[in-house]
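Chain A is the first sequence line, chain B the second, and so forth, proteins listed ahead of strands; every chain is numbered from 1. Note that the coordinates shown come from a computational prediction; the quantities given were computed from them, not determined experimentally.
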2 protein chains.
Amino acid sequence: MTIADRTPPDLARARPRARGDKTPLRLDAIVDEALRIIDTEGTDAVSMRKVAAAFDTGPASLYAHVDNKDDLLRLALRKVLDTMPLPAGETWQAMFRAHAHTIRAVLAAHNDLARLTFGTVPESDQVTEGSERLLAAMIGGGVPPQVAAWSLDVISLYIAADVHEGWLMGRIFDDGSGRPPEEVGMEYFRGFGERMASLPKDRFPTLTGHLEELMGGDGDQRFSFGIDMFIAGMAAQIPPT
Amino acid sequence: MTIADRTPPDLARARPRARGDKTPLRLDAIVDEALRIIDTEGTDAVSMRKVAAAFDTGPASLYAHVDNKDDLLRLALRKVLDTMPLPAGETWQAMFRAHAHTIRAVLAAHNDLARLTFGTVPESDQVTEGSERLLAAMIGGGVPPQVAAWSLDVISLYIAADVHEGWLMGRIFDDGSGRPPEEVGMEYFRGFGERMASLPKDRFPTLTGHLEELMGGDGDQRFSFGIDMFIAGMAAQIPPT
DNA sequence: ACCTGAACACCGTTCAAGT
DNA sequence: ACCTGAACACCGTTCAAGT
């Protein structure tokens with residue numbers, strides 16, 4: 001007979017969770033649990049009750065550590081932003097392009113976490129450091145400082161919107177029908193294409209005449225396109241030497 | 001004694017609402033009520049219960065007319081999009097720029113309605129007509145068809161993100177404290193500026209060296225900047241004649 | 001077909017009471 | 001300071017029952 005076998009029932013009941021010993025209620029663990037729910041179910045699935053349940057307690061217990069649900073989500077976002085790689089590249093264009101794709105990939109790895117970036121100024125030191133390097137590269141490359149400064153805003157907004165839209169699209173395809181998402185997605189796009197193709201050719205000559213261009217390209221290609229247009233636009237602002 | 005005076009209590013109780021005669025439960029009226037709530041309180045304030053209450057009934061009654069809450073919000077969005085003015089302008093650049101500002105203004109006039117455009121293909125005939133004209137102008141102006149086609153996507157996303165962000169920012173300033181939003185907004189920006197200014201100059205020479213450019217410009221200027229960079233980027237794709 | 005009341009399974013936050 | 005159970009004022013949607 002081992003020690004474990006002799007554990008009294010009360011003590012055994014005190015640690016019933018899969019996560020092993022009852023995790024103490026610390027801010028860090030609370031934020032991690034919120035992030036775990038975001039990663040598995042999305043931001044809308046985070047509830048104070050669900051987070052609290054992971055610690056075998058009620059929602060009221062969380063309010064000793066966070067102001068409210070918004071505060072908790074903000075902390076979860078910051079934690080992810082703090083893992084953001086720093087921008088790197090030979091030219092400001094290469095750096096800008098690569099970093100845009102990096103930010104997109106990091107955000108997209110956490111379901112609809114990108115939604116939380118709207119209407120907030122990122123508080124992450126890592127993001128600040130990234131902004132410093134990007135701005136220095138652009139200004140060093142001849143981009144007018146005002147163009148470089150505002151470009152940080154624009155690009156953040158565009159990336160967040162793209163990731164959010166991509167996630168919502170994925171959600172549509174993953175309807176509750178149990179059918180594979182790719183199949184639903186294909187059907188969705190076929191339906192959209194058919195609606196475009198069925199437009200009267202006389203009233204919509206341009207739309208019906210360019211179905212391939214309108215329908216073509218996946219999310220990655222369209223995102224790249226947007227970034228590249230923006231970079232080209234900034235490059236056009238560099239005064240001739 | 002008039003007829004009205006003789007109205008029995010039961011009948012009087014049947015029409016107690018400020019909206020006069022009890023509005024019959026028609027889809028159109030339901031969508032209008034949802035839109036009224038969106039315009040006064042925002043999309044999050046729309047609830048099936050609140051909409052139903054305007055018709056002196058319970059939420060279950062709505063389900064004879066709409067599939068669910070998402071469906072109702074989608075219908076409200078379409079109703080607004082159907083009021084969108086058509087693009088016009090001398091050149092494709094002027095048309096593109098003006099229409100971007102128009103879309104922004106229409107969406108911004110309905111609080112955070114713009115949020116609903118994420119992850120959806122607009123079903124509005126008015127939007128389809130606008131796309132036809134924009135696309136024709138761009139291609140007619142020499143913009144490669146693939147660039148023109150994808151630009152519709154990118155610009156929709158950017159406008160929606162900008163309006164959504166702007167609304168969220170406005171929300172932050174309009175905290176429950178009762179203080180005037182402009183004052184809260186000024187303080188918020190001053191705080192942000194001070195945080196930027198207090199960054200160590202040796203580690204963040206570029207950020208601290210360009211505070212004016214980073215902090216300057218209101219929402220309109222920053223939006224215009226993004227649109228203009230994108231237009232310049234597209235213009236750079238026009239092959240030399 | 002349209003409408004309804006009641007119920008189900010949830011929410012975020014507050015509060016008095018404990019330690 | 002931290003934690004808790006109970007309560008408050010909400011949600012979206014379903015369902016059996018009505019017309």
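Checking D:dT19 for Watson-Crick or G-U wobble geometry (two distances, each under 3.5 Å) identifies C:dA1 as its partner. The nucleotide D:dT14 finds its pairing partner in C:dA6, both defining distances of the Watson-Crick or G-U wobble pair being shorter than 3.5 Å.
In summary, A:Lys50 and A:Glu33 do not engage in a salt bridge, as defined by a charged side-chain N under 4.0 Å from a carboxylate O. Using a cut-off of 4.0 Å between Lys/Arg side-chain N and Asp/Glu carboxylate O, A:Asp162 and A:Arg222 are scored as not salt-bridged.
The side chain of A:His65 places no N or O atom within less than 4.0 Å of a non-bridging phosphate oxygen (OP1 or OP2) of D:dA1. Taking side-chain N and O atoms only, B:Thr57 has no distance below 4.0 Å to OP1 or OP2 of C:dC3.
In this structure, the CG atom of A:Asn68 is 15 Å from the P atom of C:dC15, given to the nearest Å. Rounded to whole Å, the distance from CG on A:Asp44 to C1' on C:dC11 is 12 Å. Across the protein-nucleic acid pair, B:Leu25 atom CG and D:dT19 atom P stand 18 Å apart, rounded to whole Å. Residue A:Lys69 contributes atom NZ, which lies 9 Å from atom P of C:dC11 at whole-angstrom precision. Look at CZ on B:Phe55: it is 10 Å from P on C:dC3, rounded to the nearest Å. One interatomic measurement links the two molecules: CG of B:Leu27 to P of C:dC2, which rounds to 10 Å at whole-angstrom precision. If you take CG of A:Asp67 and P of C:dG12, they are 15 Å apart, rounded to a whole angstrom. The distance from atom CG of A:Leu62 to atom P of D:dC3 is 10 Å, rounded to the nearest whole Å.
In terms of heavy atoms, B:Ser198 sits closest to B:Arg195 at OG-O, 3.0 Å. In plain terms, the two heavy atoms of A:Val31 and A:Lys79 that are nearest each other are CG1-CD, 4.0 Å. Between B:Val51 and B:Ile37, the closest heavy-atom pair is CG2-CD1, 3.8 Å.
Backbone-only engagement by A:Val46 is indicated by non-hydrogen atom pairs under 4.0 Å involving sugar-phosphate atoms exclusively. Among the atoms of the strands shown, base atoms are found under 4.0 Å from some heavy atom of B:Ser61.
Ring orientation note: the planes of A:Phe223 and A:Tyr158 are close to parallel, at an angle under 30° on the 30°/60° scale.
Between C:dC10 and D:dC8, the two C1' atoms lie 15 Å apart (nearest whole Å). A gap of 13 Å separates the C1' atoms of C:dC3 and D:dC15, to the nearest Å.
When each of C:dT13, C:dC3, D:dT4 is scored by its nearest atom to the side-chain atoms of A:Met48, the top-ranked nucleotide is C:dT13. With distances taken from any side-chain atom of B:Lys50 to the nucleotides D:dC3, C:dC2, D:dC11, the minimum falls on D:dC11. Candidate nucleotides C:dC2, C:dC8, D:dT4 were compared by shortest atom distance to the side chain of B:Ala64, and C:dC2 ranks first. Comparing C:dT14, C:dG5, D:dC3 against the side chain of B:Ala60 picks out C:dG5 as the nearest. Here the side chain of A:Arg49 is nearest to one of D:dA7, D:dT4, C:dC3, namely D:dA7.
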